[in-house]
Structure formats: C-alpha cells, structure tokens
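Below is one structure, written out as structure tokens; the observations come after it.
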Amino acid sequence: VVSRSLTRHNNHLQAGEQSYALDQFEKIWLLGAGKAGVPMAVATARTLGAYLYQGLIVVKEGYAGGAQELPSRLEILEAGHPIPDQRGVNATRRARAMLEEAGPNDLVICLISGGGSALFTDPAGKLTLEDLQKLTRLLLSCGATINEINSLRKHLDAVKGGGLARLAAPARLLTLVLSDVVGDPLDVIASGPTVADSSTFNNAWEVLERYELIGQTPAGVL
C-alpha cells in the first residue's frame, strides 16, 4: 500500500496529490508508530533511498520483524500495547528530540498505523505514565468505543490530537495513515498525532460520565 501511495522519480516524490522536490530539503526525517511500522518504513525507505536522513519507528513488542531490511540510520524500537509503558514514553521523547532539530527546510514523514495510541505516548503536563496506564485499563474494560477512548487520550498527551504536528513545525509534514478504525477518521487513528482534533475536553469528560468512571479515574487525569 505504501509503495503504491508513495513514489519517486529521480528527485521528485509523489504522495497522493502532493508533490515534493526532494532537493529543496536539507534533511528528510522519518517518524512513526504502529503495529505496521516496520513494513511501512521498509517501503518508505526504499522509495526515498539516499534522501532519507534519519528516523525512528515505534512498534508493538514482537513486531520488529523485517527491520534488518532498513538502513542503520532508521531505528526501530519496541514498546507496550495496548497498555502504554515506559519504553513507549522513552521512544516518543527521542522522536520529540529529533523534531527539535528539524528546521524550516526539512521534511518530516510520519507513518501511522493501528496501535499508535499506546506506542506513541508522552503524558501531558504533570500527568504520570501510571495515570495513563490506569485510565487505559478502565477504558478498555468498560466497553467504550475506540473513538471514545481516543477522545480522552488526545487530551492527556503531548503528541496526540495534532501534538506531533505542532512539534514538527516549521518543517514540512507528510503523513501516511493506515486505518484500523471504521470510517477512517484521521483524528482517531492512533489518536491523530499529526491532524487537527475534532473532539473537546467536554467530549472526553462525557465519556467518563457515560461509563461511570469518575470515581475510579486518577485525580491527575480529572
């Protein structure tokens, strides 16, 4: 799917209806999160060739197979899913550090697939990883839909709900999304790290009320 959607002819990269003259960029970064991260990265790296500068992909533990096909400048890290863990936080913060180096003449390509919500995580504000872990367990066990679960995740995390796009600025940003959500809502898949969030804090609070979770939810989350 990536090979069909992303093609290169000499220095010209075509992604859907978007065109990029690769020679205009100083550096091209590749970041991603999701269970399909390795095969997506293999196809993207093969397309970019020597134009790829550096990157990092976070995948579910046990999903790093095929990484030997990737260049050494592209790192594959494993983390916990569906409950986020410290490995995911560490990997996400390393990705954030890469984005701090990205400038206005750079291109950041982001690869998103199912599972990215747990794998790409950095608690917002004074929240702790333990807060997010407890909330995730509550949401997974109460019968909430993925849209409802991710409306909360987007408001409790530094990289979700468009957070990664904000961090990537002023670099150009290209995202390839492999959907695992019915209807393909881009802001719900992996909690939409690179797209605008259509949900609100009120929506998130209503989910807690709907499933009677207020009394069990960590104080930091509330």
Euclidean distance, [Y] [atom2] relative to [X] [atom1], rounded to 0.5 Å:
| X | Y | atom1 | atom2 | value |
| --- | --- | --- | --- | --- |
| Lys154 | Asn203 | NZ | CG | 8.5 Å |
| Leu152 | Trp205 | CG | CH2 | 10.5 Å |
| Leu138 | Leu208 | CG | CG | 9.0 Å |
| Asp85 | Leu129 | CG | CG | 7.0 Å |
| Arg94 | Leu31 | CZ | CG | 11.5 Å |
| Asn11 | Asp23 | CG | CG | 4.0 Å |

Original post:
For Arg137 and Leu140, what are the C-alpha separation, side-chain angles and deciding distance, and is it a side-chain contact (heavy atoms from CB on, under 4.5 Å)?
Top reply: CA-CA 5 Å; Arg137 291 188 179 96; Leu140 291 174; 6.0 Å; no
Any donor-acceptor N/O pair, [X] side chain to [Y] backbone, under 3.5 Å:
| X | Y | result |
| --- | --- | --- |
| Gln216 | Leu213 | no |
| Arg153 | Lys160 | no |
| Asp122 | Ala158 | no |
| Glu75 | Ile57 | no |
| Thr92 | Thr121 | yes |
| Arg8 | Thr47 | yes |
| Ser151 | Ser199 | no |
| Asp157 | Val159 | yes |

Subject >> Pair Lys27-Asp106, salt bridge (charged side-chain N to carboxylate O under 4.0 Å, His left out): steps then yes or no >> reply: CA-CA 5 Å; Lys27 297 174 183 175; Asp106 291 355; 5.5 Å; no
**OP:** Look at atom CG of Asn10 and say whether more than 12 heavy atoms of other residues, nucleotides or ligands are closer to it than 6.0 Å.
**Re:** no
Subject >> Passing option when Ile112 is tested against Leu178, Thr175, Leu186, Leu176 for side chain to side chain contact (heavy atoms under 4.5 Å, CB included) >> reply: Thr175
Following the transitive rule for hydrophobic clusters with a side-chain heavy-atom cut-off under 4.5 Å over Ile, Leu, Val, Met, Phe, Trp and Tyr, establish whether [X] and [Y] coincide in one cluster.
| X | Y | answer |
| --- | --- | --- |
| Val89 | Leu132 | no |
| Tyr51 | Leu173 | no |
| Leu56 | Ile76 | no |
| Leu119 | Leu99 | yes |
| Tyr53 | Leu174 | no |

Could you verify whether a donor N or O on one side chain and an acceptor N or O on the other, from [X] and [Y], lie under 3.5 Å apart?
| X | Y | answer |
| --- | --- | --- |
| Arg93 | Asn90 | no |
| Gln14 | Ser19 | yes |
| Ser198 | Asp187 | yes |

Just so I know, are the side chains of [X] and [Y] near enough to count as touching, which here means a heavy-atom distance under 4.5 Å?
| X | Y | result |
| --- | --- | --- |
| Leu6 | Leu13 | yes |
| Gln133 | Glu130 | yes |
| Ser113 | Asp180 | no |

**OP:** Step by step, work out the side-chain contact (heavy atoms from CB on, under 4.5 Å) result for Lys35 and Val59.
**Re:** CA-CA 5 Å; Lys35 288 178 279 188; Val59 300; over 6 Å; no
Where is the tightest heavy-atom contact between [X] and [Y], given as atom of each residue plus distance?
| X | Y | result |
| --- | --- | --- |
| Gly220 | Asp131 | CA-OD2, 4.3 Å |
| Thr136 | Pro82 | CG2-O, 3.7 Å |
| Arg87 | Ala79 | NH2-C, 3.6 Å |
| Ser191 | Asn150 | OG-CG, 3.2 Å |
| Val38 | Gly65 | CG1-O, 3.3 Å |
| Tyr63 | Glu78 | N-OE2, 3.9 Å |

Original post:
Asn105 and Gln24: side-chain contact (heavy atoms from CB on, under 4.5 Å), yes or no, with the steps?
Top reply: CA-CA 7 Å; Asn105 297 318; Gln24 72 179 351; over 6 Å; no
Original post:
Should Val108 and Ile28 be marked as a side-chain contact (heavy atoms from CB on, under 4.5 Å) after you check the CA-CA gap, both sets of side-chain angles, and the distance that decides it?
Top reply: CA-CA 6 Å; Val108 176; Ile28 297 179; over 6 Å; no
Original post:
Taking the inter-plane angle between the rings of Phe25 and Tyr20 on a 0 to 90° scale, is it parallel (under 30°), tilted (30 to 60°) or perpendicular (over 60°)?
Top reply: tilted
